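Below is one structure; the comments refer to it alone.
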Amino acid sequence: MQKTTIITRTIWILSLVSMFTDISSEMLYPVMPLYLKSIGFSIVLIGILEGVAEAVAGLSKGYFGKRSDAIGRRLPFVQLGYGLSALSKPLMAVSILPIWIFFARTTDRIGKGIRTGARDAMLSDETTPENKGKVFGFHRALDTLGAVIGPVVALTFLYFYPGQYKLMFLLAFIPGIVGIALTFVLKEKKSEQKNLLKPGFFSFLNYLKTSPIEYKKLLFGLLLFALFNSSDVFLLLMLREKGLSDVNVISVYIFYNLVYASFAYGMGSLGDKVGLKKTFILGLFLFAIVYGGMAVFKNLYIFYGLFFVYGVYAASTESIAKAWISNIADRKDTATAIGTHAAFNSIVTMLASSLAGIIWAAFGAEVMFAVSACAAVLVALYFGLMREEVLKTSN
């Protein structure tokens with residue numbers, strides 16, 4: 001499939017949809033741990049909440065990715081998924097009961113699960129294997145730009161209305177609606193692949209049997225890293241534990257996302273030039289530097305330096321992993337391959353976040369961050385010892 005334009009109309013629209021959705025989500029994400037603590041959630045319970053929410057999202061990604069491939073449709077999953085995520089924002093303001101908070105947060109994650117595989121397959125279909133890093137990096141850049149704008153709005157709002165978290169949940173619904181509206185100007189390519197039989201909820205697991213050996217090896221490495229990569233909520237809580245104010249915590253998070261957005265396309269391009277494997281390994285070492293630094297330092301300026309590195313790490317891994325997977329998988333299985341990884345990744349993330357909360361409570365935050373840093377180095381060595389040609393395939 002030859003493309004004369006790397007960033008097509010569909011890629012632009014999907015990226016803008018993600019940007020507005022992230023504005024909505026990220027208005028809440030940096031203040032979420034602060035809000036949860038204010039209504040009585042413990043560190044352990046916050047870890048369990050984030051882990052369960054991500055696990056639900058992951059299982060949904062597996063099933064709906066398989067479903068999208070089976071019927072040869074992408075757009076309906078994209079529209080429904082973004083719709084549910086937007087709806088979840090005002091739901092957070094309805095009640096402070098833990099069971100309701102779990103329901104609202106899970107609704108948001110299910111929405112992400114429904115749309116992710118189909119959306120990423122649409123992005124993959126718009127380009128060639130040689131440009132996957134650029135395309136997924138561009139999408140991630142705009143998506144993360146929303147993660148810059150959202151916290152800025154949140155910071156401004158809390159400056160004038162401190163502690164008014166519930167009202168902010170309602171305001172976050174607005175950019176979510178804009179994102180939903182944009183999905184209705186997307187045009188889906190026709191597909192001859194149609195399977196009228198609905199796949200079972202866990203049918204995506206069958207892909208592990210039929211997938212290329214390169215996919216299995218890549219999946220193992222990604223999941224091994226995910227086991228020690230807990231939710232970013234813990235990074236924000238660590239900043240708070242070390243004495244930073246709410247304003248400083250949010251400002252550091254904004255800075256991180258600004259760096260992430262700025263480097264996403266460039267790191268994607270680097271992946272296309274020097275190899276996705278090398279770029280991902282670089283990201284793992286950057287992760288180790290950040291988590292090791294969080295366990296040692298207490299200075300605000302050093303935190304900004306660490307979060308700069310963390311932004312480059314994020315740009316070097318997430319979109320690179322998706323590009324890597326989409327290059328290994330057959331085109332007709334793209335959503336399934338991405339969804340299967342996401343499913344297992346979210347289950348492991350649930351374990352990682354829950355484990356991180358327990359280690360934090362039992363041994364202290366410094367131990368938790370040090371363990372994660374050491375694990376990232378070991379995973380980097382795992383990828384480094386694998387032969388380069390094993391990890392390079394194309395559609």
Side-chain angles (χ1 to χ4, degrees), residues 1 3 8 10-11 13-15 17-18 54-85 109-129 131-132 135-136 139 183 186-220 222-223 276 318-347 393-395:
M1 181 176 61
K3 293 288 179 182
T8 64
T10 296
I11 294 170
I13 295 174
L14 285 171
S15 300
V17 170
S18 291
E54 288 302 323
V56 170
L59 291 174
S60 300
K61 289 174 186 176
Y63 169 70
F64 287 105
K66 176 67 175 178
R67 184 82 184 275
S68 176
D69 282 337
I71 67 175
R73 296 292 305 278
R74 311 296 189 196
L75 190 54
F77 298 93
V78 171
Q79 293 170 334
L80 176 60
Y82 280 111
L84 285 178
S85 290
R109 299 294 85 187
I110 289 176
K112 185 172 184 178
I114 292 173
R115 69 181 182 255
T116 297
R119 181 201 64 205
D120 290 343
M122 288 184 74
L123 290 170
S124 180
D125 287 345
E126 287 291 312
T127 188
T128 61
N131 292 312
K132 292 286 181 69
V135 168
F136 281 99
H139 174 265
T183 65
L186 284 168
K187 295 180 180 179
E188 184 172 14
K189 294 180 178 179
K190 293 183 179 179
S191 173
E192 297 180 358
Q193 183 177 347
K194 290 184 179 181
N195 185 350
L196 298 181
L197 295 177
K198 294 183 179 180
F201 189 76
F202 293 101
S203 59
F204 65 89
L205 297 175
N206 293 328
Y207 183 66
L208 290 177
K209 299 177 182 179
T210 60
S211 62
I213 186 63
E214 294 86 354
Y215 177 82
K216 296 181 178 70
K217 291 182 178 180
L218 174 58
L219 181 64
F220 177 79
L222 294 176
L223 295 182
L276 300 174
E318 184 169 344
S319 58
I320 293 296
K322 288 185 178 181
W324 202 343
I325 292 171
S326 68
N327 274 353
I328 290 173
D330 190 284
R331 183 181 177 187
K332 65 180 176 60
D333 296 321
T334 302
T336 302
I338 292 175
T340 299
H341 162 253
F344 282 100
N345 187 75
S346 293
I347 292 172
T393 60
S394 61
N395 287 0

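Just so we're clear, the structure is a prediction, and the values are computed from it rather than from any experiment.
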Open item on the list: Do F344 and L208 have side chains that approach each other closer than 4.5 Å (heavy atoms only, starting at C-beta)?
Closed with: yes

- [ ] Could you check if a side-chain atom of F77 sits within less than 4.5 angstrom of a side-chain atom of L80, using non-hydrogen atoms only?
- [x] no

Task: Gap separating the CZ atom of R109 from the OG atom of S85, nearest 0.5 angstrom - done: 6.5 Å

- [ ] Check each of L14, I338, T10 against L123 using the side chain to side chain contact (heavy atoms under 4.5 Å, CB included) test, and report the only one that passes.
- [x] L14

Task: Atom pair CZ/CG of R119 and L186 - distance to nearest 0.5 Å - done: 11.5 Å

Open item on the list: As an exercise, state the distance from OG of S15 to CZ of F136, rounded to the nearest 0.5 Å.
Closed with: 10.5 Å

Task: Rounded distance [0.5 Å steps], CG in L219 versus NZ in K217 - done: 13.5 Å

Open item on the list: If I take atom CG from residue L276 and atom CG from residue N327, how far apart are they, to the nearest 0.5 angstrom?
Closed with: 6.0 Å

Open item on the list: So which atom in S326 and which in A323 form the shortest heavy-atom distance, rounded to 0.1 Å?
Closed with: OG-O, 2.9 Å

Task: Which atom of M122 lies closest to which atom of V78, heavy atoms considered - done: SD-CG2, 4.0 Å

Open item on the list: Could you measure the distance from the OH atom of Y63 to the CD1 atom of I114? Nearest 0.5 Å is fine.
Closed with: 10.0 Å

Open item on the list: Quick check against the 3.5 Å criterion: does T334 have a side-chain atom that pairs as donor or acceptor with the backbone of R331?
Closed with: yes

Task: Sidechain N-carboxylate O distance under 4.0 Å for D120, R115 - done: no

- [ ] Can you see which heavy atom on A335 is nearest to which on G117, and at what distance?
- [x] CB-O, 3.5 Å

Task: Note, H139 side chain near S18 side chain (heavy atom, < 4.5 Å) - done: yes

TODO: Taking all non-hydrogen atoms of both residues into account, name the closest pair between K216 and S211 and its distance.
DONE: NZ-O, 2.6 Å

Open item on the list: In the structure I gave you, are the side-chain heavy atoms of H341 and Y215 within less than 4.5 Å of one another anywhere?
Closed with: yes

- [ ] Looking only at non-hydrogen atoms, find the nearest pair between G113 and F64 and report the distance.
- [x] O-CB, 4.0 Å

- [ ] Would you indicate whether the side-chain heavy atoms of I325 and E214 approach each other to under 4.5 Å?
- [x] no

Task: Pair D333, T336: side-chain N/O donor-acceptor within cut-off below 3.5 Å - done: no

Open item on the list: Tell me whether T340 contacts the main-chain N or O of A337 through its side chain, where contact means a donor paired with an acceptor under 3.5 Å.
Closed with: no

TODO: Would you please say whether a donor-acceptor pair under 3.5 Å links the side chains of S124 and K132?
DONE: yes

